[in-house]
Number of protein chains: 2
Amino acid sequence: MRKIGGFALWSNDGEPITVPHSCFAERLGDYITLTESETTALTRLEERPRDLRRGTILLREHDPMAELFILQRGMAMSYVLLDDGSRQILRFLFPGDMLAVSALVYRDSPETIVAMTDLTVCPFDRTLMAGLLTEHPRLAAVIMVMNQMEKVALTDRLAALGRTSAKVRVAALLLEIRNRIRLTGQAATTDFALPLTQEEIGDATGLTAVHVNRMLRQLEEDGLIARGAGRVSFTDETALLRAANYVNRFDGLDLRWLPPAR
Amino acid sequence: MRKIGGFALWSNDGEPITVPHSCFAERLGDYITLTESETTALTRLEERPRDLRRGTILLREHDPMAELFILQRGMAMSYVLLDDGSRQILRFLFPGDMLAVSALVYRDSPETIVAMTDLTVCPFDRTLMAGLLTEHPRLAAVIMVMNQMEKVALTDRLAALGRTSAKVRVAALLLEIRNRIRLTGQAATTDFALPLTQEEIGDATGLTAVHVNRMLRQLEEDGLIARGAGRVSFTDETALLRAANYVNRFDGLDLRWLPPAR
DNA sequence: CGATCCCTTGATGTACTTCAATTTGCGTGG
DNA sequence: CCACGCAAATTGAAGTACATCAAGGGATCG
């Protein structure tokens with residue numbers, strides 16, 4: 001029996017069979033060629049797939065954390081609530097992302113994580129991470145690299161919030177979402193389904209839903225995007241990239257320092 | 001002869017003697033008790049201290065990177081420039097911080113790093129990091145923990161820029177700077193030297209220098225802070241913490257998952 | 001077929017910016 | 001020690017990009 005989206009097979013007697021597939025391994029494979037031993041170790045992080053409905057809260061701010069997760073299918077987001085009730089969306093999460101990494105540091109979660117679509121996640125214990133780092137130093141290094149890339153992505157957004165106009169922020173968010181969707185393997189060319197409400201776009205960019213609406217209209221009037229039926233297409237991607245001050249952080253990598261595989 | 005601030009001794013014939021001291025080890029010591037072998041490994045990162053004058057640019061955005069640094073003495077900041085000439089300060093850097101970690105990922109620097117005071121830094125090669133991760137998995141884990149804490153600090157600032165008023169942002173920045181200064185061992189109680197111009201405060205908080213000035217004045221009129229001669233003191237720290245929505249990210253740690261020391 | 005959520009558009013308010021001028025503080029050279 | 005030069009701080013006045021408030025319209029779902 002094939003578990004849809006779970007990438008795990010069940011034998012006839014209901015015993016799970018580990019399949020040599022791991023979303024996280026696939027992601028790491030973008031940066032290095034994994035050894036068999038490394039792949040095996042990574043597969044252990046995804047032995048317990050769990051399906052969640054859209055809207056499910058995976059983790060709540062201030063709640064105690066026990067586990068980390070690998071996101072296998074669907075899209076999620078993390079956010080914080082401020083005491084005036086406003087929300088800041090911190091990050092959008094896609095297949096291959098590691099979720100709730102703060103569980104490696106904090107007893108209680110600094111953020112809420114919620115499923116934006118139906119989801120498959122694989123929870124795993126923190127101690128697995130300890131073993132992984134010990135047995136596979138090269139994986140430790142690549143995970144560190146990916147963390148650093150996320151930090152740079154956060155500083156990009158910080159600069160956008162601090163120093164760019166509403167229109168630019170919205171444009172940059174659209175580009176980011178499209179690029180992340182494209183990386184999941186879907187051949188999203190110029191046209192893609194935008195799984196965000198305008199309120200969510202606002203909560204990610206520090207704007208109100210009303211103003212997001214006007215900025216989307218302006219981008220449309222400027223001939224940069226077209227919209228319809230929950231989809232967005234980039235009608236002039238070059239101009240959009242320029243307007244959004246976009247830097248592709250997947251370019252210009254240099255990982256030659258990595259330790260040897262084990 | 002003692003090299004002021006450099007934490008290195010020179011023997012009479014001018015040969016440097018490695019001293020069992022490392023700012024980075026001291027920082028890690030806040031989280032774990034280091035073994036002798038770990039301390040020795042960390043000390044190798046700080047064998048080449050280098051003094052820099054205030055204003056020196058340690059690294060320029062888009063320039064190729066070769067090395068990482070440990071900051072031993074002084075204060076620095078990192079920032080990006082946008083194409084309209086505006087600046088976003090990303091991070092303030094204090095003794096014990098690791099600088100230019102992006103060199104583990106990118107060929108060219110995504111940010112500029114500049115000395116805000118006279119500085120001592122120790123450059124070290126990326127390959128040293130590879131060896132460190134391989135030989136000392138527990139250090140790999142703790143470095144990962146520190147990276148994660150920095151990510152949470154960035155999301156805190158993201159939420160501040162996206163969803164809080166100018167006054168709150170300035171108050172939060174003052175608290176952050178004071179707490180970081182205090183962590184360096186200086187017994188900064190309520191009164192501390194603020195080594196930032198109002199323009200720099202603005203570039204960190206996404207405001208203009210003019211408005212920063214007005215917000216500082218308001219905080220003063222509200223009885224939350226007092227100012228004079230480049231110094232700031234918190235006259236009502238409780239109220240300031242509340243107003244700034246401050247969360248101490250050094251509390252509530254849980255590192256029980258760490259692998260054993262080697 | 002109503003309920004609900006999201007999108008859309010207009011009118012008004014305001015927090016912050018921009019521009020401009022003056023003052024304060026401080027290192028530097030005479 | 002004083003005079004100068006310059007960066008930083010300060011304050012006022014006017015502009016603007018965004019928020020807020022309010023109302024209506026379209027799609028989806030039980």
Send over the distance from [X] [atom1] to [N] [atom2], rounded to a whole Å.
X      : N      : atom1 : atom2 : answer
A:H211 : C:dT9  : NE2   : P     : 15 Å
B:K167 : C:dT14 : NZ    : C1'   : 15 Å
B:L161 : C:dC16 : CG    : C1'   : 14 Å
B:R214 : D:dT11 : CZ    : C1'   : 7 Å
A:M215 : D:dA17 : CE    : P     : 9 Å
B:D203 : D:dA8  : CG    : C1'   : 14 Å
B:Q198 : C:dT24 : CD    : P     : 15 Å
B:N213 : D:dA8  : CG    : P     : 14 Å

Please work out if [X] contacts a base, only the sugar-phosphate, or nothing of the nucleic acid, heavy-atom cut-off 4.0 Å.
X      : answer
A:G206 : sugar-phosphate
B:T197 : sugar-phosphate
B:R217 : sugar-phosphate

Discussion item. Judged by each residue's nearest nucleotide on DNA chain C, which is more toward the 5′ side, A:R163 or A:L216?
Written reply: A:L216
Practice prompt. Confirm from the modelled atom types if B:R227 and C:dT24 form a donor-acceptor pair under 3.5 Å, side chain to base only.
Written response: no
Discussion item. Taking the basic N atoms (NZ, or NE/NH1/NH2) and the acidic carboxylate oxygens, is any pair closer than 4.0 Å for A:R73 and A:D51?
Written reply: yes
Worksheet item: Is A:R48 paired with A:E67 through a side-chain N to carboxylate O contact shorter than 4.0 Å?
Response: yes
Worksheet item: Does a side chain donor of either B:Y246 or B:N179 reach within less than 3.5 Å of an acceptor in the other side chain?
Response: yes
Worksheet entry | Among D:dC18, C:dC19, C:dT17, the nucleotide that comes nearest once only the side chain of B:V210 is considered | C:dC19
Discussion item. Could you measure the distance from the CG atom of A:L196 to the CD1 atom of A:I89? Nearest 0.5 Å is fine.
Written reply: 7.0 Å
Fill in: Cation-pi check, A:R87 onto A:Y79 ring (under 6.0 Å, within 45° of axis)
yes
Worksheet item: C:dC16 phosphate, OP1 or OP2: any side-chain N/O from B:T208 under 4.0 angstrom?
Response: no
